[in-house]
Amino acid sequence: LPNVASAATPTTTSSSGTEWALYSLFSRFNYKYKNRYLLEASLRRDGSSRFGANNRFGTFYAVSAGWVISDEAFMDNVSFVDNLKLSTSYGIAGNDRVTNFASLGLYGAGALSDYNGNAGIRPTSAANSDLSWEETSQLDITLTGSFLNNRLNVDMSYYKKVTSGLLLNVPVPYTTGFTSITRNVGEMENRGVDLSITSTNIEKNGFKWTTNFNIGFLTNEVTKLPADNIDEDGNAYITGSGAQRAILGNTVNTFYLNRYAGINPDTGDAEWFNRAGERVTSVDPADRQVVGSAIPDFTGGITNNFSFKGFDLSVFFTFVEGNKLLLDGLRFTDAPTFAGSFNSSTRMLNYWKQAGDNAYAPALTSSTRGSFRQRSTLHLKDGSYVRLRRVTLGYNLPKSILEKTPLTSARLYVLGHNLWTSS
């Protein structure tokens, strides 16, 4: 091979090169009737060098329609409605975000490929000539309205997105010589509602107060997976990490962990729950269960803006509800057996000393000290929070002052980020 890593005795040298190509044809159609009825459609044909020779091309389309309801005659006497529009769209899009040569059987050189001091190569990835586009179909329905002389603006959307032929690295038996192969497997659905409200609450005597509120609800579900891997509950799954899996019927970011029970106040041993709900002192991977998702039930934010005679104040809150977070660093800071290797949390001072103690860490003589750091719900935290993300207080210098300077405008302000969080 024409690269320095193919030498019989490579040292610290390396070289690499890559390229890929995308071929596309597309068309678009727009139609408008009386500025009241709107129609748009698009069609495209894409080919990607990243896919197998059998499925390099994909055809994708989208169509959308809009109806300006407020322009209809039956809305003439509805005085509080300034604008009201209903729109919907449906389309299919393709995704080719995989490595440039995922469909090919690749070979590698270097120290692991040498044979008896002679340069050599070895297979490093399995070929898949049927690898193709990941496709996502999406339906959107949106109602947009302005009311009360544009003092209230509302935007509400419903969406349903189905992704099929997911591009995933699927584990294969080690007897093949490989650990995984890139394939089109599984199906995932996202559906939800987004709501945005902007209002002018007060506008009088130079004082103005406006509010912008938004919230989004999301439901994610894995609806199809190959039956290559079956868990203890009989569900198909694909492993994403040591703590998360994509499990059929659950979210794509499902936490799959042992359930931590706590420190036994009588013995000082750390205990976990097995699948039967019994407290045990060993961490068995077969006892892992679904314990939550990294995907929130809803997220949102609210901004209040105030202005008065050159002064302005903006206060921005964000919030998240219903997700879990894995603090993997606790496996090191809260590990009894790592006390001499890592900085330890002060929580480790709260270890069991005598019967009846409600301790955080096991006894110094407990046989569970080594397993205490194993991944479990001990390290899984509630990710819900409300946060004061940003506050800005400003003042625009008046023209009477600026006229005496070369400046046309000037603003003084103070800005604070992440000033308060409740979780």
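Heads up: numbering here begins at 1 and tracks the sequence. As the structure is a prediction and not an experimental result, all values here were calculated from the model. Side chains are part of it too, since the values below use all heavy atoms of this structure and drop only hydrogens, waters and symmetry mates.
- Residue pairs meeting the salt bridge (Lys or Arg N to Asp or Glu O under 4.0 Å) criterion with at least one member in residues 42-63, sequence neighbours excluded: Arg44-Asp46, Arg50-Asp96.
- Side-chain contact annotation: Asp284 with Ser282, donor-acceptor N/O pair under 3.5 Å absent.
- Under 3.5 Å, the side chains of Thr182 and Asn169 contain a donor-acceptor pair of N or O atoms.
- Under the side chain to side chain donor-acceptor pair (under 3.5 Å) criterion, the residue pairs touching residues 256-269 are Glu232-Tyr256, Asn264-Glu271, Asp269-Ser366, with sequence neighbours excluded.
- Checked by atom type, the side-chain pair Asn253/Ser293 shows no donor-acceptor distance below 3.5 Å.
- In summary, of the residues considered (Ser146, Ser199, Ser196), a side-chain hydrogen bond (donor to acceptor under 3.5 Å, both in side chains) with Asn153 occurs for Ser146 alone.
- The ring-ring contact (aromatic ring centres under 6.0 Å, His included) analysis of residues 177-216, with sequence neighbours excluded, yields the pairs Trp209-Phe306.
- Pairs of residues two or more places apart, or lying in two chains, that qualify as salt bridge (Lys or Arg N to Asp or Glu O under 4.0 Å) and include a residue from residues 322-334 are Asp328-Arg331, Asp328-Arg375, Asp334-Arg347.
- Under the rule for a ring pair (Phe, Tyr, Trp, His ring centres under 6.0 Å), Tyr159 has no partner lying at least two apart in sequence or in another chain.
- Residues in residues 193-207 take part in no salt bridge (Lys or Arg N to Asp or Glu O under 4.0 Å) pair, two or more places apart or across chains.
- Side-chain polar atoms of Ser132 and Asn184 form no donor-acceptor pair below 3.5 angstrom.
- The closest side-chain donor-acceptor pair between Thr251 and Thr254 falls under 3.5 angstrom.
- Each of Lys34, Arg36, Lys85 was evaluated against Glu72; a single residue qualifies, Arg36, per the salt bridge (Lys or Arg N to Asp or Glu O under 4.0 Å) test.
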